[in-house]
2 protein chains.
Amino acid sequence: MKRITIYDVAKEADVSLATVSRVINDSNVVREDTRMRVQQAIEKLGYKPNAIAQGLALSKTTTISIVMSEKLFAYNAKILNGLMDVAKIYNYNIMFHTTSKGISKMQDVIESIIKSRVDGVILFNDNFSEDEMEVLHEYQIPMVVVGSKLKGQKIGNVGNVYINFERMAYEFVNECFEKGIDDISMVEDKLNLSMMEQLKAGVDRAYAEKGLVFDKYVTYDDSYKSSYTFLSDYYKNHKPSRMVITFRDSQAIALMNACKECGYSIPDDTELVCILNSKYLTMMRPTISTYNIPEYDLGAVAMRLLTKMLVEDETVKQNKDIEISFSKLFRETTK
Amino acid sequence: MKRITIYDVAKEADVSLATVSRVINDSNVVREDTRMRVQQAIEKLGYKPNAIAQGLALSKTTTISIVMSEKLFAYNAKILNGLMDVAKIYNYNIMFHTTSKGISKMQDVIESIIKSRVDGVILFNDNFSEDEMEVLHEYQIPMVVVGSKLKGQKIGNVGNVYINFERMAYEFVNECFEKGIDDISMVEDKLNLSMMEQLKAGVDRAYAEKGLVFDKYVTYDDSYKSSYTFLSDYYKNHKPSRMVITFRDSQAIALMNACKECGYSIPDDTELVCILNSKYLTMMRPTISTYNIPEYDLGAVAMRLLTKMLVEDETVKQNKDIEISFSKLFRETTK
DNA sequence: TTGTAAGCGTTATCAG
DNA sequence: CTGATAACGCTTACAA
């Protein structure tokens with residue numbers, strides 16, 4: 001079956017290709033009966049407009065690139081759902097790029113984004129540098145960064161939809177202080193260093209205001225292939241703090257297992273909060289306290305912002321930073 | 001900054017655009033010094049070839065579509081990693097499509113795939129029908145289906161990279177029989193109905209060969225928002241079978257919680273196997289038995305197969321069905 | 001080894 | 001309301 005083009009349709013309907021173009025683009029200057037004729041020819045031949053040719057002619061691909069780290073894939077599922085749904089509503093296609101240590105560095109991804117002439121980019125706030133954003137900006141590609149707050153001054157046309165992790169940690173620590181708890185430790189998550197940094201800043205700030213110094217930021221090196229293996233080990237030799245903050249569910253679960261094995265009781269000996277929510281937290285016994293982050297909305301809002309930036313919506317000119325709120329979801333691991 | 005085209009580079013380097021084209025395509029007929037001159041012009045202007053224009057000229061987009069159900073997103077993370085890595089190696093871009101009940105039906109996705117003129121498609125064996133594959137086939141788009149085995153006769157140019165779940169279940173049940181266990185139940189997973197169907201077929205076959213009938217296929221309706229809520233309820237009123245098969249980790253964990261709350265002990269009162277592996281299975285106590293499926297490979301092999309189909313590799317003409325092997329990974333929930 | 005020009009499938013401008 | 005025709009940016013015979 002030969003590829004059907006607009007010429008074939010034009011011939012079949014006995015009109016010019018310009019008229020066919022008008023029909024498929026819902027132009028209202030076409031007389032009803034010729035529109036019908038064209039429509040029939042389209043059906044009969046099974047014609048589908050070539051988006052590539054349209055892209056060339058319009059200098060617009062109606063395609064948006066999403067780039068995220070390969071490792072974070074499973075964790076960002078809901079954000080991605082929000083992104084995809086809204087993209088669908090606005091009729092954008094999605095080019096999907098992953099970055100990983102070995103195979104695809106950010107630089108290659110950027111290269112292919114530029115070549116693809118996508119209309120805009122969604123970046124997860126992980127592993128890209130300011131330089132890399134600068135390159136995208138030089139090629140005038142609108143972008144929005146989703147996840148956590150961008151640091152540094154904002155360059156040109158970039159939006160930011162984020163959770164304020166700094167404030168989350170700050171407020172949480174102050175609540176602990178109010179309950180008389182100041183022996184708090186926080187476990188690093190190597191997959192989310194930019195968010196860890198912001199959390200730590202919040203903790204530091206709260207401690208500093210009390211005239212104290214926060215010094216229980218638990219890190220581990222790569223000899224442990226996961227935080228799980230590390231933590232189940234670590235807490236065999238380290239008495240847990242009165243309050244432990246982990247980032248991901250697997251870290252929280254590891255901690256619980258370690259405590260159980262070493263005879264510590266949760267929440268009596270030590271309390272536990274896991275920053276990132278997941279369904280597994282409620283499946284544990286005791287159920288694990290966490291924060292509720294509207295992940296789907298994070299994605300949906302980010303994509304909506306980008307689409308507005310693409311049509312140069314005036315209302316968006318000022319307000320390209322959108323903070324998404326979070327709420328406490330405290331369960332049995334905290335008192 | 002004006003969009004730089006091949007003409008700008010040609011003018012800058014004082015050659016024709018054909019020569020520039022030869023340089024960016026690594027043609028070996030260009031004299032070294034003119035290549036250098038062109039290369040410098042490219043650097044100086046920051047020129048990046050327009051993939052859209054290339055796509056038009058070549059009738060080839062070097063883009064592959066991946067379509068998967070929105071719900072299954074988090075579960076397929078590793079398969080996707082395999083797909084993405086291999087796509088990257090062969091320099092294909094990825095268009096990503098999700099299907100979901102409300103917003104994006106399979107039909108729309110197919111529409112946009114055809115319009116995009118992608119070179120090939122990867123389909124997850126979920127929620128598409130034979131009709132839909134037929135449409136893709138009419139437009140001569142090579143595709144490979146990944147996950148489970150396609151049923152029905154194969155149409156045209158479609159590959160299939162799969163796990164043989166039927167055999168997995170068949171062999172497992174026979175091993176149970178050998179150990180004297182024939183009181184087995186299996187819990188449906190609504191997210192993976194095509195795989196459930198194959199598992200059930202395997203169980204049925206094993207039972208039939210013994211002259212028995214398998215009648216403990218546990219299903220639940222949509223009033224339960226997740227299998228977790230259902231199972232923790234269900235096993236309060238139902239004595240668990242001697243052996244329970246679940247599909248996903250959350251189902252297995254739900255079952256364990258329900259048993260614990262009702263005073264049943266695992267694996268003494270009832271044993272448990274979870275078909276799909278996940279890291280959470282080893283975090284449970286007791287650790288949960290499962291099957292090891294090389295998910296990354298599943299994706300990598302599927303993408304490699306597709307790339308071969310795209311260059312009409314002869315070796316692939318015959319062999320477009322690839323079965324990926326699995327292995328037992330039995331832990332504390334089985335004896 | 002390089003340049004010219006036709007073609008890839010659309011959209012958009014202008015006449016009619 | 002419709003039809004020519006020139007872009008859009010690139011590849012690739014074919015000529016030189």
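If you're wondering where the values come from, they're calculated on a predicted model, not measured in any experiment. Protein chains get the first letters and strands the later ones, always in sequence-line order, with residue 1 at the start of each.
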- Query: Between the side chains of A:K115 and B:N93, is a donor N or O closer than 3.5 angstrom to an acceptor N or O?
  - Reply: no
- Message: With no hydrogens and no angle check, just 3.5 Å: does a side-chain donor-acceptor pair link A:D85 and A:Y296?
- Response: yes
- Item | Set of residues satisfying salt bridge (Lys or Arg N to Asp or Glu O under 4.0 Å) with respect to B:K11, sequence neighbours excluded | none
- Query: salt bridge (Lys or Arg N to Asp or Glu O under 4.0 Å) with B:E323: which residues, sequence neighbours excluded?
  - Reply: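 Per chain and number, B:E323 pairs via salt bridge (Lys or Arg N to Asp or Glu O under 4.0 Å) with B:R167.
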- Does OP1 or OP2 of C:dT2 have a side-chain N or O of B:T19 closer than 4.0 Å?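 For C:dT2, OP1/OP2 do not have a side-chain N/O of B:T19 under 4.0 Å.
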- Take A:T99 and A:S69, measure what side chain to side chain donor-acceptor pair (under 3.5 Å) needs, and give me the verdict at the end. CA-CA 5 Å; A:T99 57; A:S69 145; 4.7 Å; no
- Whole angstrom is fine here: how far is it from CD1 in A:I42 over to P in C:dT10? 10 Å
- Task: Would you please test B:N157 and B:K320 for side chain to side chain donor-acceptor pair (under 3.5 Å) and show each step?
- Result: CA-CA 9 Å; B:N157 205 15; B:K320 285 192 221 144; 3.0 Å; yes
- Query: Is the shortest distance from a Lys or Arg side-chain nitrogen in B:K101 or B:E70 to a carboxylate oxygen in the other one below 4.0 Å?
  - Reply: no
- Below 4.0 angstrom, N of the basic side chain to O of the carboxylate: do A:D14 and A:R37 qualify?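 Here A:D14 does not pair with A:R37 in a salt bridge, since their nearest N and O are not under 4.0 Å apart.
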- Message: For the helix from C:dT1-D:dA16 to C:dG16-D:dC1, what angle separates the axis at the start from the axis at the finish, each from five pairs, in steps of 10°?
- Response: 40°
- Message: Treating primed atoms plus P, OP1 and OP2 as sugar-phosphate and everything else as base, which nucleotides of nucleotides 8-16 of chain D get B, S or - for protein heavy atoms under 4.0 Å?
- Response: BBBSBB---
- List in chain and number order the residues that pass side-chain contact (heavy atoms from CB on, under 4.5 Å) with A:E32, two or more places apart in sequence or in another chain; answer none if no residue qualifies. A:R35, A:M36
- Query: For the residue pair B:F73 and A:F73, does the interplanar ring angle fall in the parallel (under 30°), tilted (30 to 60°) or perpendicular (over 60°) class?
  - Reply: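 Correct class here is tilted.
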- Nucleic acid contacts of residues 28-35 of chain B, taken as heavy-atom distances under 4.0 Å to DNA chain D: none
